[in-house]
Amino acid sequence: NGNTGGGKDGYNQNDSDKDGLTGCGIQSFCGVLGILRSLKICSWNCRTLFASRSVDFSVNKRTWVMLFHLMNEHDIVMCQETHGWEESLVALGTRFPEWKWVGSFCDNGISGGIVVGISPRLVSILSDFVWVPLCKGRLGMLSIRVENFWISVLNIHVDPDLRRDEFSE
């Protein structure tokens, strides 16, 4: 899986841990709480972000305009039903290099697919982040750390025809 980097179970931005002493006081907690309160997260079923394997940005112009708008307004943008393949993440990283992109795709590339973008503002204050795809192309968890405090968000796309046992992997 191309988006899992060097981490055992997911993508770790920073594998080295800090000294463990930062973030243990009330002043630090209040600072982190302020950051988390200002965090803007959105979830959007884009109904096909990647229309072809070539990731042609001229296709689905309205979809891309909406993505640009969401990126300008939010720190974390979670997209579902993106379709696509692992190389779609590379294309996003090339197009928007200041953002961090993670995701997971179904094997066929034409169904499901989830992508998460992390804004440059948020990346600049994170101590670490971890992406764990929980069900290929359908469910993933992004955990972010600011100092010693973690918060996790789930990105999920459920196909109405999906069988219950497909989530028990």
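Computed over heavy atoms, backbone and side chain alike; hydrogens, waters and symmetry mates excluded.
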task: Output yes when a side-chain donor or acceptor of Ser152 lies under 3.5 Å from a complementary backbone atom of Ser143, and no otherwise.
output: no
message: Please report the interatomic distance CD1(Ile35) to CZ(Arg121), rounded to the nearest 0.5 Å.
response: 8.0 Å
task: Show your working on side-chain contact (heavy atoms from CB on, under 4.5 Å) between Phe129 and Lys100 and close with a plain yes or no.
output: CA-CA 10 Å; Phe129 70 88; Lys100 298 292 182 189; 4.0 Å; yes
- line: Nearest heavy-atom approach of Gly112 to Arg138 is CA-NH1, 3.6 Å
field: Set of residues satisfying side chain to side chain contact (heavy atoms under 4.5 Å, CB included) with respect to Cys46, sequence neighbours excluded
entry: Trp44, Leu49, Thr63, Cys79, Thr82
message: As an exercise, state the distance from NE2 of His157 to SG of Cys106, rounded to the nearest 0.5 Å.
response: 8.5 Å
- prompt: For Glu73, what residues pass the side chain to side chain contact (heavy atoms under 4.5 Å, CB included) criterion, not counting sequence neighbours?
  reply: His69
- line: side chain to side chain contact (heavy atoms under 4.5 Å, CB included) filter on Leu122, not counting sequence neighbours, yields Leu39, Asp75, Ile76, Ile118, Ser119, Ile125, Leu126, Ile144
task: Check side-chain hydrogen bond (donor to acceptor under 3.5 Å, both in side chains) between Arg47 and all other residues, then give those that pass, not counting sequence neighbours.
output: none
Minimum heavy-atom distance Phe105-Ser88, with the two atoms named: CZ-CB, 4.1 Å
field: Side-chain heavy atoms of Val102 within contact of Val115, under 4.5 Å
entry: no
- prompt: Quick one: ring pair (Phe, Tyr, Trp, His ring centres under 6.0 Å) partners of Trp99, sequence neighbours excluded?
  reply: Trp101
- line: Heavy-atom nearest pair, Val130 first then Trp150, reads CG2-CH2, 4.0 Å
field: Any side-chain heavy-atom pair of Ile114 and Val116 under 4.5 Å
entry: no
N/O donor-acceptor pair under 3.5 Å between Thr94 side chain and Val90 backbone: yes
- request: Kindly give the heavy-atom pair with the smallest separation between Met78 and Leu154, and that separation in Å.
  value: SD-O, 3.6 Å
- prompt: For Gln80, which residues count as a side-chain hydrogen bond (donor to acceptor under 3.5 Å, both in side chains) partner, sequence neighbours excluded?
  reply: Ser43, Asn155
- request: Measure the NE2-CG distance between His83 and Asn108 for me, rounded to the nearest 0.5 Å.
  value: 8.5 Å
query: How would you list, by chain and number, every residue that makes a side chain to side chain contact (heavy atoms under 4.5 Å, CB included) with His74, sequence neighbours excluded?
result: Lys40, Cys42, Leu70, Val77
message: Applying side-chain hydrogen bond (donor to acceptor under 3.5 Å, both in side chains), can you list everything that pairs with Asp107, at least two apart in sequence or on another chain?
response: Lys136
- prompt: Mind checking whether Phe68 and Leu89 sit in one hydrophobic cluster, side chains of I, L, V, M, F, W, Y counted as touching below 4.5 Å?
  reply: yes
